Student: 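Below you will find the structure I want to go over with you.
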Amino acid sequence: MTETPESEPIARFQALLDEAKRVPRSVLPEPTAFALGTVDANGQPSVRIVLLKHVDERGFVFYTNFESRKGRALLASCRAAMCFHWQPLEVQVRVEGGVTVVSDAEADAYFASRARGSQLGAWASLQSQPMTQPGDLDARVAEMEQRFAGVPVPRPPHWSGFRIAPDKIEFWKNMPSRLHVRHVYTREGARWAVQQLFP
Ligand SMILES: Cc1cc2nc3c(=O)[nH]c(=O)nc-3n(C[C@H](O)[C@H](O)[C@H](O)COP(=O)(O)O)c2cc1C
């Protein structure tokens, strides 16, 4: 096990994300997309795709409805797992860590940057709840358009960001004959220890 500087795995992740963003959209349409794994209060795991909106030394940030299935699971367990797969780069990155809610100021700033249609959608969608009739969503969108006509759309109280503070980050690189290279960084206080794993 080798000790590494505090910034190393995040800098390595950012370099890969930058590389993924340089791939043409026709080849890699959503470079910030990742699979988010959560566990609910009954121990039931679930996974879905969300978009990474920010990453720095504090962790990985994405936004969602806190009353959704994932929102409830994260608020209960305070733990998450993430997996990025950038197929054109032949790279996979896995992250595990503790979850906190971003500050209201951070969530407000991001919400304000979104298109108005998405802002209204955040109010209209009762994410993960059953719809009684197929037209329910359109009706709620129309209701929100009326409610906020002519005024800026504020951030809904149930909509914000989660920050996943990594305590484990694994970089996987495809190699011939499936002799892939895996480096796993484990947080040890302010530093990271790195180990290579068998593929
Ligand atoms: C490419 C892609 C990006 C997505 N981005 C988000 C996102 O950033 N936030 C979000 O709440 N849902 C996002 N979704 C929808 C989620 O995958 C999921 O359907 C939704 O959040 C409800 O999940 P839940 O019922 O497990 O909470 C995205 C889906 C796809 C396919």
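Counting starts at 1 for both ligands and their atoms, following the listed order. This one's a predicted model, so the numbers in the text were calculated from it and none came from an experiment.
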Student: Walk me through it: do R163 and E106 pass the test salt bridge (Lys or Arg N to Asp or Glu O under 4.0 Å)?
Tutor: CA-CA 11 Å; R163 174 173 279 111; E106 195 174 345; 2.6 Å; yes
Student: With M82 as reference, evaluate I164, I169, V47 under the side-chain contact (heavy atoms from CB on, under 4.5 Å) test and give the passing residue.
Tutor: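 Answer after filtering I164, I169, V47: I164.
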Student: What closest approach, in Å, do R114 and Q119 show between heavy atoms, and which atom pair accounts for it?
Tutor: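 Where R114 meets Q119 most closely, the heavy atoms are O-NE2, 3.4 Å.
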Student: Anything under 30° is parallel, anything over 60° is perpendicular, the rest tilted; go ahead and classify H180 against W172.
Tutor: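 The arrangement is tilted - the two ring planes meet at 30° to 60°.
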Student: Before we go on, tell me: are the rings of F60 and F13 under 6.0 Å apart, centre to centre?
Tutor: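 Close enough - the centres of the two rings lie under 6.0 Å apart.
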Student: Please write down residue, atom name and distance for the protein heavy atom closest to atom 6 (C) of ligand 1.
Tutor: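 It is V50 CA, 3.5 Å.
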Student: One residue to check: Y63. Relative to ligand 1, which of side chain, backbone, both or neither has a non-hydrogen atom less than 4.0 Å away?
Tutor: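 Within the 4.0 Å criterion, Y63 contacts ligand 1 through backbone atoms alone.
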Student: Has ligand 1 got any nitrogen or oxygen that is less than 3.5 angstrom from a nitrogen or oxygen of L51?
Tutor: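 Yes, L51 has an N/O under 3.5 Å of an N/O on ligand 1.
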Student: Do F62 and W159 have their ring centres less than 6.0 Å from each other?
Tutor: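 Not close enough - the centres of the two rings lie 6.0 Å or further apart.
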Student: What is the closest protein heavy atom to atom 23 (O) of ligand 1, and at what distance does it sit?
Tutor: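 Its nearest protein heavy-atom neighbour is K70 NZ, 3.4 Å.
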Student: Select one of side chain, backbone, both or neither to describe which atoms of Q127 lie under 4.0 Å from any atom of ligand 1, heavy atoms only.
Tutor: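 Only the side chain of Q127 comes within reach of ligand 1.
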Student: In the protein, which heavy atom is nearest to atom 13 (C) of ligand 1, and how far is it?
Tutor: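 Closest protein heavy atom to atom 13 (C) of ligand 1: I49 O, 3.6 Å.
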Student: Which heavy atom of the protein is the closest neighbour of atom 24 (P) of ligand 1, given with residue, atom name and distance?
Tutor: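 So the nearest neighbour among protein heavy atoms is S128 OG, 3.4 Å.
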Student: Any idea which protein heavy atom is nearest atom 18 (C) of ligand 1, and the distance to it?
Tutor: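 The closest one turns out to be R48 CG, 3.9 Å.
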Student: To which of T64, T32, L36, T38 does the heavy atom nearest atom 10 (C) of ligand 1 belong?
Tutor: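 It is T64 whose heavy atom sits nearest to atom 10 (C) of ligand 1.
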Student: For atom CZ of R178, decide whether the heavy atoms of other residues, nucleotides or ligands shown that lie under 6.0 angstrom number more than 12.
Tutor: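 At most 12 heavy atoms, drawn from other residues, nucleotides or ligands, come within 6.0 Å of this atom.
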